[in-house]
Amino acid sequence: SSSTSRQQNQPQGHYGLTSPISLAPPSDKDHIHTQKLIEAMKPFGVFEDQEELYHRTTVLGKLNNFVREWISELAESKNLPPSITEQVGGKIFTFGSYRLGVHTKGSSDIDALCVAPSHVERSDFFQSFFEKLKNQEEVKNLRAIEDAYVPVIKFEFDGIEIDLVFAKLSLPTVSDDLDLRDDSCLKSLDIRCIRSLNGSRVTDEILRLVPNLENFRLTLRAVKLWAKRRGVYSNIMGFLGGVSWAMLVARICQLYPNALASTLINKFFLIFSKWDWPKPVLLKRLEESFLNLPVWDPRVNPSDRYHVMPIITPAYPQQNSTYNVSVSTRAVMVEEFQRGLEVTDEILKGKSDWPKLFEPLNFFQKYKHYIVLTASAFTEEHHLNWIGLVESKIRVLVGNLERNEFITIAHVQPQSFPGNEVLYKRSGYVSMWFLGLVFKKAESAVKTNVDLTHGIQSFTDTVYRQASALNILKEGMKIEATYVKRKQLHYFLPAGTLQKRKKQRVSDISQNNSGLQCKRSSLGESCSDGSKDRDSRTPSNSSSLNKISKLDISTAKSERLFLISWPNSKSQVSPTEMEATVALRTSGPPIGCTIPGYNAVCQLRTCFVHGHHKLSGTLIKDPKSASPKQHYSPTSKVSRPPTSEECPQKAIDGKQARSGGLGQGGFERLSSKELPDSSSPVPTNSIRIIKRSIKLTLNG
């Protein structure tokens, strides 16, 4: 078989593409440092106790029997011969953090794969199996997401969260000893089944390619904890997900096969802080197969040449697991690698301790300039769907900002924050994300005018377009983006969040490992295991934000527009620092207009004249009569990578978009519908679309 030939091609005497850097055995000091590392990690709940492990194993056993029962019943309903019905089989495979053996205490879900014989169709999985699950007393919070890159059914089974994907094989039966590592199991399968199988195949191959599983797992636990604490664990936001971190750790284990975790972590930061990106990280040679499936290969695929931090999955068909990474997110991660190297060097020299490595990033003191992105909806159910979609597209905003000629870094904080009481009264349920900006230093003392309007408007258009295509766009769903300086963040966040904290309570960490995010709808995007960054739900300072939301009564009366301006205080933005920060949103049709069903759109146009802005709101009954959008033409670049709208996302972390919108305790199914391309028009229905312009002046 092809898998056997691959094993024969594996270089003898070592793992990976190259010989090890060092075969040195661990010293007594290495054992001591590793034990101290374990003790430092325990307060964070990264180790699961035996009782929880037994419960997960029991749940998986029940689910496996449940699947086999369903497949057998389905065979009978399709009038298959009794000889086949009795032995059709079916099997549950696990992958992700659970299969790797690094799932955390209490909060980790289980990524599972349902493998069925040839008589079972995908429609059966999302219909009859879904209905069978619905009737089970142990099953809660059931929802099916058929539109995801890897279609999935999500549910809780006896208190354990399960993300279950489906694949049928071209076999009449599925035996208990089935080995998915053999490429022949992919024969004659559709692309969705291949994507579903990829998660399990990648995970198993990673485990096969590391020399010492115990050292690998402990190192990976430490790296994942560090990545979450430092805000670089989120595939959906353009950082790395669980499987990508696992492959990086696996490569270090290959290079230092006898080293313990304390040494491996230090070497991890050493190697990847100096890695020559975009040189790919590979655990084995890229190989061809008789199946001729598309694989990552920049020599053949032009779009692969734009990947800035490629980490290639080891199972066929090989894919880049870090397609979402941008120039900014890579720069942030490399900076964190360098910090990690400095800290671990100090630890191994006895000058520091392991807790320093896990100190949280103080994001709100790191930058001088920020974009505050808010997503709001009138009801909680709509809000869950809405923020899932918005969050899955934030990396589009990051890419848009990166292409601005004056911006060098656009750093998004993966964690979202809730809106305060003032925002709730104004817009309903609100979530906020923060992006730190670094602007290029001016070459002279001349002031620089920076226009962020196009990048932000392009992002909001993308979100509204896809929300309309997925039929989730509802009245009251809004996105707003506001530029602020560091000293104005207190209008949005409480002092406890903004102040510099070197230590974070363990209870806070536990809250970040469980909660709202698992209920969000990613709607076609990746949501890697453990990367589900949570909404902190910390109330903000309502009185402060009330000052920032001064209503222009005359404008509101005539055009029903809100003009948000800074208060006259010490924190007021100087005209020499920023020309204007304008937030426009429609809250309904203009007063005095009778519009049945709100079918007309209040089209807002912003005209910039010599660094100043002039606002006008005009009711346009026929959207086609609206003025065309002005084109943005910053200094052109020679080339740019295709956006996520131009290049469909590839298989990331072995799974894609597996969190679904959730009504409280209810059952929800998202109907199947293809996403439009980037040229599709922005919906012009009853929903009032936000228009925002942000233009600022930087001192030289």
Side-chain angles (χ1 to χ4, degrees), residues 227 230-241 244 277-278 303 306-310 320 322-336 361 363-364 366-375 387-417 431-440 450-466 479-484 522-528 531 533 632 634 637 640-647 649 652 678 692 694:
R230 302 299 298 177
V232 291
Y233 191 112
S234 179
N235 184 42
I236 198 171
M237 291 291 193
F239 296 104
L240 303 191
S244 298
W277 305 108
S303 61
Y306 294 108
H307 296 176
V308 300
M309 196 177 180
N320 176 22
T322 56
Y323 177 81
N324 289 342
V325 174
S326 69
V327 173
S328 287
T329 52
R330 185 185 69 181
V332 170
M333 286 187 280
V334 170
E335 181 183 350
E336 288 298 329
L361 173 69
F363 179 79
F364 297 108
K366 185 176 177 66
Y367 299 103
K368 294 181 179 179
H369 309 275
Y370 292 86
I371 293 291
V372 184
L373 181 68
T374 60
I387 62 174
L389 178 60
V390 172
E391 185 176 58
S392 74
K393 295 300 176 186
I394 288 178
R395 70 178 188 278
V396 175
L397 175 59
V398 171
N400 291 348
L401 294 173
E402 283 179 350
R403 285 188 283 276
N404 188 299
E405 60 178 320
F406 299 110
I407 294 177
T408 58
I409 293 289
H411 179 187
V412 59
Q413 160 67 278
Q415 181 186 4
S416 63
F417 296 84
S431 288
M432 301 183 294
W433 294 267
F434 294 81
L435 291 84
L437 300 180
V438 176
F439 292 100
K440 289 182 180 178
V450 181
D451 187 357
L452 306 180
T453 308
H454 177 276
I456 291 173
Q457 190 60 55
S458 175
F459 160 72
T460 57
D461 287 351
T462 297
V463 176
Y464 282 119
R465 183 186 302 118
Q466 295 215 356
I479 320 171
E480 299 181 73
T482 306
Y483 165 86
V484 298
S522 290
L523 298 175
E525 301 300 330
S526 168
C527 191
S528 305
S531 68
D533 310 291
Y632 173 67
K637 309 236 182 345
R640 66 166 179 84
T643 67
S644 62
E645 304 308 312
E646 296 165 342
C647 240
Q649 182 166 345
I652 305 296
S678 59
R692 177 175 303 282
I694 297 182

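In this text the structure is predicted, and so the values were computed from the model without any measurement. Heavy atoms only: backbone and side chains are in, while hydrogens, waters and symmetry mates are out.
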Intermediate values then yes/no, side-chain contact (heavy atoms from CB on, under 4.5 Å), Ile479 and Thr374 | CA-CA 6 Å; Ile479 320 171; Thr374 60; over 6 Å; no
May I have the step-by-step check of side-chain contact (heavy atoms from CB on, under 4.5 Å) for Val450 and Phe439, ending in yes or no?
-> CA-CA 9 Å; Val450 181; Phe439 292 100; 3.9 Å; yes
Output, in order, the C-alpha distance, side-chain angles, deciding distance and verdict of ring pair (Phe, Tyr, Trp, His ring centres under 6.0 Å) for Tyr323 and Tyr306.
-> CA-CA 9 Å; Tyr323 177 81; Tyr306 294 108; over 10 Å; no
Could you walk me through whether Leu373 and Phe459 pass the side-chain contact (heavy atoms from CB on, under 4.5 Å) test, one step at a time?
-> CA-CA 11 Å; Leu373 181 68; Phe459 160 72; 3.7 Å; yes
Verdict with reasoning, Gln413 to Met237, per side-chain contact (heavy atoms from CB on, under 4.5 Å) = CA-CA 9 Å; Gln413 160 67 278; Met237 291 291 193; over 6 Å; no
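For the pair Pro278 and His307, the tightest heavy-atom approach, listed with the atom from each and the gap, is CB-O, 3.4 Å. The minimum heavy-atom distance between Thr453 and Ile694, with the atom names listed, is OG1-N, 3.3 Å. What you find for Ala410 and Ser328 is that their closest heavy atoms are N-OG, 2.9 Å. Scanning both residues, Pro414 and Ser234, for their nearest heavy atoms gives CB-CB, 3.9 Å. In terms of heavy-atom proximity, Trp433 sits nearest to Ile387 at CH2-CB, 3.8 Å.
Judged by distance alone, the side chain of Asn235 and the main-chain N or O of Asn324 form no donor-acceptor pair under 3.5 Å. Checked by atom type and distance alone, the side chain of Arg395 never pairs as donor or acceptor with a backbone atom of Val325 at under 3.5 Å. Of the possible polar contacts, one joining the Lys440 side chain to the Glu405 backbone as a donor-acceptor pair under 3.5 Å is found. Between the side chain of Ser431 and the main chain of Ser416, no donor-acceptor pair closer than 3.5 Å is present. For the pair Ser244 (side chain) and Leu240 (backbone), a donor-acceptor distance under 3.5 Å is absent. Judged purely by atom type and a 3.5 angstrom limit, Thr329 uses its side chain to pair as donor or acceptor with the backbone of Gly238. Side-chain atoms of Glu336 never come within 3.5 Å of backbone atoms of Ala227 as a donor-acceptor pair (strictly under, hydrogens ignored).
Note that OG1 of Thr460 and NZ of Lys393 are 13.5 Å apart. Values are rounded to the nearest 0.5 Å. Between the OG1 atom of Thr482 and the CD1 atom of Ile371 there is a distance of 8.0 Å, given to the nearest 0.5 Å. The line from CG of Leu435 to CG of Leu437 is 6.5 Å long, rounded to the nearest 0.5 Å. Going from atom CG of Asn400 over to atom CD of Gln457 covers 11.0 Å, rounded to the nearest 0.5 Å. Phe434 CZ to Gln415 CD: the interatomic distance, rounded to the nearest 0.5 Å, is 10.0 Å. Between Ile407 atom CD1 and Leu452 atom CG the span is 5.0 Å, to the nearest 0.5 Å.
No hydrogens or angles considered: a donor-acceptor pair under 3.5 Å links the side chains of His411 and Tyr367.
Comment: Arg230 does not engage Glu335 in a salt bridge, judged by the lack of any side-chain N to carboxylate O separation of less than 4.0 angstrom.
The shortest distance between side-chain heavy atoms of Tyr483 and Val372 does not fall below 4.5 Å. Residues Leu361 and Lys366 meet the side-chain proximity criterion, which asks for heavy atoms closer than 4.5 Å.
The aromatic ring centroids of Phe363 and Tyr370 lie less than 6.0 Å from each other.
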